[in-house]
Undergrad: 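If you scroll down you'll find the structure; I have some questions about it.
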There are 4 protein chains.
Amino acid sequence: MYRQTARTRILDAAEELFSGGGYDATPTARIAELAGVPKGLLFHYFPRKIDVLISLVDERTLVTEEEVEAVPGDAAGALSRLARRLPLHASPAMRRILFREADTHGSVRERLGRLNAEIIRRARFALELAMPGGRGDAARLEAAAATFAAVLLYQESLCQLTGHHIDPDAVAELIVHALG
Amino acid sequence: MYRQTARTRILDAAEELFSGGGYDATPTARIAELAGVPKGLLFHYFPRKIDVLISLVDERTLVTEEEVEAVPGDAAGALSRLARRLPLHASPAMRRILFREADTHGSVRERLGRLNAEIIRRARFALELAMPGGRGDAARLEAAAATFAAVLLYQESLCQLTGHHIDPDAVAELIVHALG
Amino acid sequence: MYRQTARTRILDAAEELFSGGGYDATPTARIAELAGVPKGLLFHYFPRKIDVLISLVDERTLVTEEEVEAVPGDAAGALSRLARRLPLHASPAMRRILFREADTHGSVRERLGRLNAEIIRRARFALELAMPGGRGDAARLEAAAATFAAVLLYQESLCQLTGHHIDPDAVAELIVHALG
Amino acid sequence: MYRQTARTRILDAAEELFSGGGYDATPTARIAELAGVPKGLLFHYFPRKIDVLISLVDERTLVTEEEVEAVPGDAAGALSRLARRLPLHASPAMRRILFREADTHGSVRERLGRLNAEIIRRARFALELAMPGGRGDAARLEAAAATFAAVLLYQESLCQLTGHHIDPDAVAELIVHALG
DNA sequence: CATGAATGAGCTTTCATTCAT
DNA sequence: AATGAATGAAAGCTCATTCAT
């Protein structure tokens, strides 16, 4: 009746519900209901509840690790671009799931770790290329990259939890200035 | 039989278990068991499960908001000191609970919000006092304070989730350099 | 395993137990046990315990409100027939439940109210038709109908609670005589 | 601290709560709370919960069984007076308890049985004395007395449950007319 | 008498998961 | 693949009752 769409609709429903109320607080029955499929079918596609989360992260979250070109001399611009285009292909809902359920299952944690590493790598790359002459030692550069990654990763959560908004562009400019 | 200790032991047990497996994944029965009290007694002190979490945050978490002295000229030192002494009186376990269960209940979120605001306030204060002449505009100072707060708040989670360690002292030095 | 019978067996068991010990004093576990189904299945069909009672009243209690023919001149006979055939399709057990749990839930109360109204309507109809000339004013006729309804409704409870038996036929004859 | 009032206040509270929500639905804790006494004290005065109900019925319900004078010739008046002054000394709340909890415990049932018997006895007495010559045979007189008792006992419940009001005076007049 | 912490059996309800069709 | 009834362990919570002080 649903052909290949049943599985997709289950994942759609789970994405919405996990992102809203959290994995633990979402019964499989509600996922099936929202997906419009019978409860049994859910377990046909995903033998255990955790498999829904795992598949979600596996299939709807992609940390892009390809090389990026950087324009020497415009480190701030490169960081801003990084902020606007996280190396993460994922819907806002999936992002929330990724951060929220990081300790629910290893596969989620692993994905988040990869994302963090990739952001750091790119930030480091941008800063290195952009600041010729290697002013500022390696340790400071490392701290700068890690700081930028932390801000990017938690900016959204922080805003949601504390109401305090952080402007990534301002942080980018700040960091570049620190290394300039 | 337990005098005034039963309630305390329940909170002790909850602190340990919530910090370990999370609020949702911890049955009240296990809390009681670890506390060495009958299940019913838990509900004598805490009518609903969520009240255990609320009391924990209420009683074992204190965001200190008193004024702090700052030494003009040593902004990096002030930030380092802030990092080493968060304006938060709480055990490591309670800290984990605070960050992890922020979306489980409003009272937890509120406490985390207050903590964030207080860190930003102190960081701003330290930076303002330390950099005479007001070099660097207000917006940049604001970004610097918020960045430092984000790093302090999530440093521990980040390390736990991604394995990547951030050195707050290095970040402090970086930020001060940016405003210098 | 049970086909369409599981739900029926649950209602059967509930009917027996509610009628015996009362709604409040009957644990859902005993209903399931008597029905020979697992506890969980009861909540599959009836999400809350009260839904068992509501369904019971809804499905196993019918107040028939169709018109009735009355033989002019034989009011006592009509009332006796009314007593023997209450406009209520329900087992003796369901009758007991109806009277006993009237304040447990609105739906039970509503059903009992409808039954009372219907008995009064029929009694009035029988008396009106049977006594040509309208001897006895309207108020007396109304009191007669209400009295007969009260006796019919509570006759069984009264007997059970006080041990005192009332003969509806004698009351019918009495009432007709009063209006004669 | 309360001297002899504690026990009284417990009974007061129980009377209010039993009459409102019913015996089963009233926790002993709420009784103690409303009475303003600690839970333990309740069980000092009443070892089991049911003892509260029993004491209530024992002490706050009195079926008066003394002789009554009847005025020959005014049966309707005698019945009306009986309706207005039930041979029952009890608050409206206690009345509700008596009818509602009749199957909760034997002592309540017994009291209700005594009340019913006494009403029948008085109604019979009034009718016998008032109608000289013994018109109407004994069986009809018996039915008349029982009918009047049924109406008096359940009039209040009926009104509460079905919304239908019965006027005892009209029933009195009706019954007397039936025997006249 | 007075107190309220302590006790544990039992309650309703939830839920992931299985399985026959 | 599709269906939803079936299952039972476990959850949160209630409550009459006990008891040490």
Side-chain angles (χ1 to χ4, degrees), chain A residues 1-7 23-33 36-52, chain B residues 1-7 10 24-32 35-52, chain C residues 1-7 10 24-32 35-52, chain D residues 1-7 23-33 36-52:
Chain A
M1 185 188 278
Y2 313 101
R3 308 294 171 197
Q4 287 125 335
T5 71
R7 191 173 181 283
Y23 173 84
D24 272 332
T26 303
T28 52
R30 277 196 64 203
I31 301 176
E33 186 193 35
V37 304
K39 246 186 305 188
L41 195 53
L42 190 150
F43 284 89
H44 173 70
Y45 289 113
F46 310 97
R48 296 161 308 154
K49 184 188 179 186
I50 194 69
D51 293 327
V52 178
Chain B
M1 186 185 277
Y2 309 104
R3 310 287 174 199
Q4 290 134 332
T5 70
R7 191 173 182 282
I10 291 172
D24 273 332
T26 303
T28 52
R30 279 198 61 203
I31 301 175
V37 304
K39 248 186 313 180
L41 194 53
L42 190 149
F43 288 93
H44 176 68
Y45 289 111
F46 310 98
R48 299 162 308 158
K49 184 189 180 186
I50 193 70
D51 292 325
V52 178
Chain C
M1 186 186 276
Y2 309 103
R3 311 288 173 196
Q4 289 134 332
T5 69
R7 192 173 181 282
I10 292 172
D24 273 333
T26 303
T28 52
R30 279 197 60 204
I31 301 176
V37 303
K39 248 186 314 181
L41 193 53
L42 191 149
F43 287 92
H44 176 68
Y45 289 111
F46 310 98
R48 300 162 308 158
K49 184 189 180 186
I50 194 69
D51 292 327
V52 178
Chain D
M1 185 188 280
Y2 313 101
R3 308 293 172 201
Q4 288 124 335
T5 71
R7 193 174 180 283
Y23 173 84
D24 273 332
T26 303
T28 53
R30 278 195 63 201
I31 301 175
E33 186 194 34
V37 305
K39 246 186 304 189
L41 196 54
L42 190 149
F43 285 89
H44 173 71
Y45 288 113
F46 309 97
R48 297 162 308 155
K49 184 188 180 187
I50 193 70
D51 293 326
V52 179

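Just so it is clear, the model here is predicted, and its values are computed rather than measured. The sequence lines fix the lettering, A, B, ..., with proteins before strands; numbering per chain opens at 1.
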Undergrad: Is B/H44 touching bases, backbone alone, or none of the nucleic acid, heavy atoms closer than 4.0 Å?
TA: base
Undergrad: Distance between the P atoms of E/dC1 and F/dT21, in whole angstroms?
TA: 22 Å
Undergrad: Minimum heavy-atom separation for D/A32 and D/K39, please, with both atom names.
TA: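 Heavy atoms only, the tightest pair is CB-CA, 3.9 Å.
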Undergrad: For B/R30, enumerate each residue passing the side chain to side chain donor-acceptor pair (under 3.5 Å) test, keeping only those at least two apart in sequence or located in another chain.
TA: none
Undergrad: To the nearest angstrom, how far is D/L42 atom CG from E/dC1 atom C1'?
TA: 14 Å
Undergrad: Working to the nearest 0.5 Å, report the span between OH of A/Y45 and CG of A/D51.
TA: 15.0 Å
Undergrad: For DNA chain F, what dot-bracket results from Watson-Crick or G-U pairs at under 3.5 Å, with [ ] for crossers and | for inter-strand partners?
TA: .||||||||||||||||||||
Undergrad: Take atom CD1 of B/I10 and atom C1' of E/dA5, then tell me their distance rounded to the nearest Å.
TA: 11 Å
Undergrad: Please check the phosphate of E/dA6 (OP1 and OP2 only) for any side-chain N or O of B/Y45 closer than 4.0 Å.
TA: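 Answer is yes, contact under 4.0 Å.
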Undergrad: Does a side-chain heavy-atom distance below 4.5 Å link A/I31 with A/V37?
TA: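 Side chain of A/I31 against side chain of A/V37, heavy atoms only: no contact under 4.5 Å found.
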Undergrad: Taking all non-hydrogen atoms of both residues, which atom of B/P27 and which atom of B/A25 are closest, and how far apart?
TA: CD-O, 3.3 Å
Undergrad: Going from CD1 on B/I10 to CG on B/L42, what distance comes out if it is rounded to the nearest 0.5 angstrom?
TA: 4.5 Å
Undergrad: Please round to the nearest 0.5 Å and tell me the distance separating atom OH of A/Y23 and atom CD1 of A/I50.
TA: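 Nearest 0.5 Å value for the OH-CD1 distance: 3.5 Å.
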Undergrad: Mind listing the N/O atom pairs, protein and nucleotides 12-14 of chain E, below 3.5 Å?
TA:
| unit_1 | atom_1 | unit_2 | atom_2 | d |
| --- | --- | --- | --- | --- |
| E/dT12 | OP1 | C/K49 | NZ | 2.9 |
| E/dT12 | OP2 | C/T28 | N | 2.8 |
| E/dT12 | OP2 | C/T28 | OG1 | 3.0 |
| E/dT13 | OP2 | C/K49 | N | 2.7 |

Undergrad: Let me know the distance between CD1 of D/I31 and C1' of F/dT17, rounded to the nearest Å.
TA: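 About 13 Å, once rounded to whole Å.
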Undergrad: What is the distance from CZ of C/R30 to P of E/dA9, rounded to the nearest Å?
TA: 19 Å
Undergrad: Are A/K49 and A/F43 in a cation-pi setup, meaning NZ or CZ lies under 6.0 angstrom from the ring centre and within 45 degrees of the ring axis?
TA: no
